[in-house]
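Note that the coordinates shown come from a computational prediction; the quantities given were computed from them, not determined experimentally. A, B, ... follow the sequence lines: proteins, then strands. Residue 1 opens every chain.
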Number of protein chains: 2
Amino acid sequence: MITSNSNCMHPFDEAIVLRVSERQDAPREFIGSTHPAYANMVGPFGGTTAAQLLQSAMLHPERLGEPVALTVNFAAPVADGEIRFVARPVRTNRSTQHWIIEAHQTEGVVATATAVFAVRRETWSDVEAVMPANLPTADAVPRMPVKGLPAFPQRYDMRFIEGALPTAFDEQEQSHSRSTLWVRDEPERALDFASLAALSDTFFPRIYIRRRRRAMIGTVSLTTYFHADSALLTQVGSRHVLGVAKALNYRHGYFDQTGELWSPEGQLLASTHQLVYFKD
Amino acid sequence: MITSNSNCMHPFDEAIVLRVSERQDAPREFIGSTHPAYANMVGPFGGTTAAQLLQSAMLHPERLGEPVALTVNFAAPVADGEIRFVARPVRTNRSTQHWIIEAHQTEGVVATATAVFAVRRETWSDVEAVMPANLPTADAVPRMPVKGLPAFPQRYDMRFIEGALPTAFDEQEQSHSRSTLWVRDEPERALDFASLAALSDTFFPRIYIRRRRRAMIGTVSLTTYFHADSALLTQVGSRHVLGVAKALNYRHGYFDQTGELWSPEGQLLASTHQLVYFKD
């Protein structure tokens, strides 16, 4: 099913592999590439591109701490093949570090990102957002059928409680676009920052849920705040996390949607927001 | 009250003035500076820095369209004085344009931004977020007293319906941090993209509302999605807009908050999200 190396790497780990560029003038550049296991309808799933951008800071020798914020701007279609990542730590403070990252292909910049990394300290903590209550466990919900879908949704085990991707675009407009689902990598994989960044982009475009109608869409900007640190990610492991998503506003070719990713124990792992281009 | 030039510019217009840098090697750099009318407790109000960053793309001769997304990362304290803005259009497509912008002071980068600009087309549009209903008009709500506060809150006319900034930090923890308020520039000023970007940062840190307790705080990343185009901004003019804000999660030194800015007629002008450092 998946073109995999003989060393049995998870396809997501294959997809985010970066090697140091050999360009003499660019000692901190990385080369990655698109991966067929995460192909979307056109080009790669944006979540893997987001994960690669983050990874180019994670792997940088000057990296401090763990990511707390990531914004990815999708500047142009990513062509299948190599991508060159240039990550610059533009400011390093005592406990925070600010990054500008660019993804290049032959014709120019295809994506940009900014990231904030931090060394965290324990403080008073509290979840103010409300996790949906009285939900069935992941085991009690059937997996979304993925037959006939592009490779990318086949790499996620999605179990919709509400607001599934329509199986037919019957143009029956809904009153809202809210989705609630259990989701994990398929095959199972222990959660880390790279996969959490990719999961933030797995919420289908809200306009499909809302209008049940085809539209050309493309995410232009994706922001994720990482509330989880690596210790919390380890606690989650490879279990399903709960995803909740909804749209806020659709106007003149752009809409925004907001999502939350929750641990089964009710910790908010990440909140994520994106602005999406659409043509109806 | 305000140190104003003799030409009676609005203090916000003074605060975002940029002049082209005279550096020979940098034809598209701009020089701005902090403005005493927008001073915060330490350094300038982040909203004016965000507006300056946006403005350096707005004024750039290669600019295409109007802003739809802006992310500002506050990398280091901004010192009072000059700020050098370097705006680069890293990718220009037929109807979208992607920017990376840096703000420099003597010791290095103090802020970065990415922005997406777009030429919009009319499409099916709908507000899915819910504007609070049955609210008193701005005229029926008293203005927040600003005596003794830094300059920045004096530059806004804020009329809280719910979740006002505590007048005393009595440490009576609240169950939530939601605020609802009417807000406009003070003195009145017609809304534009720069002031909408600044307004996005006027929501006080949610931890003050929630815990009614002092804390060291600092926004590290601020994202604004502009749903309004310039025609809609013109309709709003200099009237109050409705602001709604709440926190999602506080954990290990960082919390995120989300806000909405609504026209009096119920159009969502902007949605905005930020990640804030705190030390309790």
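- Between chain A and the residues B:G253, B:A69, B:A247, B:A215, the largest count of heavy-atom pairs under 4.5 Å involves B:A247.
- Neither the backbone nor the side chain of B:T92 has a heavy atom closer than 4.5 Å to any heavy atom of chain A.
- Ranked by heavy-atom pairs under 4.5 Å with chain B, the list A:S271, A:A113, A:A228 is led by A:S271.
- By the 30° and 60° cut-offs, the orientation of the rings of A:Y254 relative to A:Y277 is perpendicular.
- For the atom pair OG of B:S200 and CD of B:Q274, the computed distance is 9.0 Å after rounding to the nearest 0.5 Å.
- Chosen from B:L232, B:T96, B:T258, the residue pairing most often with chain A at heavy-atom distances under 4.5 Å is B:L232.
- Around the CD atom of B:E122, the shell of radius 6.0 Å holds no more than 12 heavy atoms that belong to other residues, nucleotides or ligands.
- For the pair A:W262/A:H227, no side-chain contact is recorded, criterion being any heavy-atom separation below 4.5 Å from C-beta on.
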Note to self: Applying side-chain hydrogen bond (donor to acceptor under 3.5 Å, both in side chains) to A:E128 and B:S177, what does each step give before you reach the verdict?
What the structure shows: CA-CA 8 Å; A:E128 198 170 303; B:S177 68; 2.6 Å; yes
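- Contact count against chain B (heavy-atom pairs under 4.5 Å) is highest for A:D229 among A:V68, A:V110, A:V130, A:D229.
- Contact check on B:R213 versus B:D280 returns no salt bridge, with no Lys/Arg side-chain nitrogen under 4.0 Å from an Asp/Glu carboxylate oxygen.
- Contacts with chain B were tallied for A:V90, A:I207, A:V127, A:D256; A:D256 has the most, counting heavy-atom pairs under 4.5 Å.
- Note on B:H273, B:R120, B:R210: by heavy-atom pairs under 4.5 Å with chain A, the leading option is B:H273.
- For B:S221, the parts sitting under 4.5 Å from any heavy atom of chain A are the backbone and the side chain alike.
- The residue among B:N73, B:T223, B:V116 with the most heavy atom pairs within less than 4.5 Å of chain A is B:N73.
- Heavy atoms of B:L275 lying under 4.5 Å from chain A belong to its backbone as well as its side chain.
- Classification of B:R212 and B:E171 as a salt-bridged pair fails, no side-chain N sitting under 4.0 Å from a carboxylate O.
- Among B:E107, B:K246, B:Q97, B:E102, the residue with the largest count of heavy-atom pairs under 4.5 Å with chain A is B:E102.
- No donor-acceptor pair under 3.5 Å is formed between the side chain of A:R121 and the backbone N or O of A:V119.
- Contacts between B:Q174 and chain A at a heavy-atom distance below 4.5 Å are absent for every atom of the residue.
- Put simply, of B:L268, B:D126, B:V109, the one with the most heavy-atom pairs under 4.5 Å next to chain A is B:D126.
- The contact between B:H252 and chain A is made by backbone and side chain atoms together, counting heavy-atom distances below 4.5 Å.
- Contact of A:R206 with chain B is not made at all, since no heavy-atom distance falls under 4.5 Å.
- Here the two rings, on B:Y250 and B:F255, have centers that are under 6.0 Å apart.
- Proximity to chain A is limited to the side chain of B:T71, based on heavy atoms less than 4.5 angstrom apart.
- By the 4.5 Å heavy-atom criterion applied to side chains, B:F74 and A:H98 are not counted as neighbours.
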